[in-house]
Amino acid sequence: MAPLAAPPPRTGLIVIQPLKRRHCAECHAGPLRMLVLEEGAPRCLDCADLGHLVFLPRGDTALTRRSREESALSAVVVRFNRRRSRYERQGVLVEEAGLARAEQRCLADAEARRRRRVRDARRRAREDVRFAAAFAGEIRRLFPGCPAGRARDVAAHASVRGSGRVGRSAAGRALSEAAVTSAVVASVRHMDTPYDQLLMSGVPRHKARRRIAAAVESTLRAWRAEVSGVG
């Protein structure tokens, strides 16, 4: 039998997934899916007193860590990568009861994470409502003639989380006058002028904006001029 290269030493027990057909040097069982090297000779898991362990493939770091914590006996499983000329970790062998306890811990964590996501989503929704209300209030302060419903619509559109719109920019979150005005201008441009139709007819954007600039400014002037409590 050709000699089997041993993996580099590390803390804990090492089990090898052989690339070639190997048989146990003690009981002659084989070919072996996994083996332990003892004084350079392969031993099956039963002869190495590891046959009662179950294999947990790599991939779930939390489950692997907890399975080893919950197991009095465990081993790291490795396989030789010829291309890289090194042994690479494939998973672990752990006690079945330890794996079951680890899975329960992970399920509990998953449920806790789900509840936290729900709480976070509710908190963000409340924050978004408050922010949209503040944005609408700033629109009404700068443009008192803007209808209240329209101000709420502009604020809701501009402040959608993750949209990249002006309301979610740093200036928008700070309720800067420039950001609020920009949101109002965008709304007027699209809803109160033929801007969209011009774009659809093939007019370049910069030319379309020039054509409707006077109409936009007229609406903004009207909304700025209507101050409550005149006289």
Side-chain angles (χ1 to χ4, degrees), residues 59-66 69 101-231:
D60 189 327
T61 304
L63 182 59
T64 296
R65 173 174 53 80
R66 287 174 172 171
E69 291 172 355
R101 288 191 295 269
E103 288 172 336
Q104 287 300 316
R105 289 172 61 186
C106 288
L107 285 174
D109 276 1
E111 175 61 18
R113 288 194 296 271
R114 185 194 68 79
R115 291 196 299 267
R116 186 167 60 246
R117 286 195 298 270
V118 170
R119 290 195 303 271
D120 289 346
R122 289 173 179 168
R123 174 183 52 77
R124 287 192 297 269
R126 290 193 297 269
E127 291 174 352
D128 289 348
V129 168
R130 288 194 294 268
F131 176 68
F135 202 98
E138 190 64 10
I139 291 174
R140 293 278 288 165
R141 186 186 72 82
L142 295 173
F143 302 95
C146 177
R150 180 67 175 277
R152 288 193 295 270
D153 289 345
V154 172
H157 179 79
S159 61
V160 172
R161 187 181 292 267
S163 64
R165 295 171 188 153
V166 66
R168 301 310 305 186
S169 65
R173 292 195 300 273
L175 298 178
S176 77
E177 181 173 341
V180 173
T181 299
S182 178
V184 173
V185 168
S187 176
V188 172
R189 182 185 295 133
H190 289 287
M191 298 188 64
D192 301 294
T193 76
Y195 180 67
D196 291 352
Q197 292 91 325
L198 291 172
L199 294 180
M200 289 297 293
S201 67
V203 177
R205 183 173 59 88
H206 64 280
K207 289 185 178 180
R209 286 198 175 192
R210 282 203 302 268
R211 289 189 190 180
I212 54 90
V216 170
E217 186 55 36
S218 176
T219 299
L220 296 183
R221 264 199 315 269
W223 284 358
R224 285 191 183 102
E226 291 189 31
V227 180
S228 60
V230 176

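Being a predicted model, the structure only gives us computed values, none of them experimental.
- Checked by atom type and distance alone, the side chain of T219 pairs as donor or acceptor with a backbone atom of A215 at under 3.5 Å.
- In terms of heavy-atom proximity, F131 sits nearest to S159 at CE2-CB, 3.4 Å.
- The minimum heavy-atom distance linking A155 with A132 is given by the pair CB-O, 3.4 Å.
- Between V203 and A208, the closest heavy-atom pair is CG1-N, 3.7 Å.
- Although no hydrogens or angles enter the test, the distance criterion places no donor-acceptor pair under 3.5 Å between the side chain of T181 and the main chain of A178.
- Residues satisfying the salt bridge (Lys or Arg N to Asp or Glu O under 4.0 Å) criterion with E217, sequence neighbours excluded, are R224.
- Looking at every heavy atom in both residues, I139 comes nearest to V154 through CD1-CG1, 3.7 Å.
- The distance from atom CD of E103 to atom CZ of R66, rounded to the nearest 0.5 Å, is 12.0 Å.
- To the nearest 0.5 Å, atoms CZ (R165) and OG (S182) are separated by 12.5 Å.
- The neighbour count for R122 CZ, taken as heavy atoms of other residues, nucleotides or ligands under 6.0 Å away, does not exceed 12.
- Residues R113 and R117 form a side-chain contact, since some pair of their non-hydrogen atoms from C-beta on lies under 4.5 Å apart.
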Stepwise side-chain contact (heavy atoms from CB on, under 4.5 Å) check, R116 with R119: CA-CA 5 Å; R116 186 167 60 246; R119 290 195 303 271; 3.7 Å; yes

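- Of the charged side-chain nitrogens involved, at least one lies within less than 4.0 Å of a carboxylate oxygen, so that R114 and E111 count as a salt-bridged pair.
- Proximity of I212 to P194: side-chain heavy atoms (C-beta onward) are separated by under 4.5 Å at one or more points.
- For the pair F135 and H157, the minimum side-chain heavy-atom distance is 4.5 Å or more.
- To the nearest 0.5 angstrom, L63 atom CG is 11.0 Å from D109 atom CG.
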CA sep, side-chain torsions, deciding dist, call: R124, D120, side-chain contact (heavy atoms from CB on, under 4.5 Å): CA-CA 6 Å; R124 287 192 297 269; D120 289 346; 3.5 Å; yes

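- At least one side-chain heavy atom of R205 sits under 4.5 Å from a side-chain heavy atom of Y195.
- Between the side chain of S187 and the main chain of V184, no donor-acceptor pair closer than 3.5 Å is present.
- Across all their heavy atoms, R168 and D128 have their closest contact at NH1-OD1, 3.8 Å.
- Expressed to the nearest 0.5 Å, how far CZ of R209 lies from CG of L198 amounts to 12.5 Å.
- Between the side chain of S218 and the main chain of A214, no donor-acceptor pair closer than 3.5 Å is present.
- The two atoms that bring A158 and S163 nearest to each other are O-OG, 4.4 Å, heavy atoms only.
- R150 is not listed as a side-chain neighbour of F143, based on a closest heavy-atom distance of 4.5 Å or more.
- Within a 6.0 Å radius of CZ in R101, more than 12 heavy atoms belonging to other residues, nucleotides or ligands are found.
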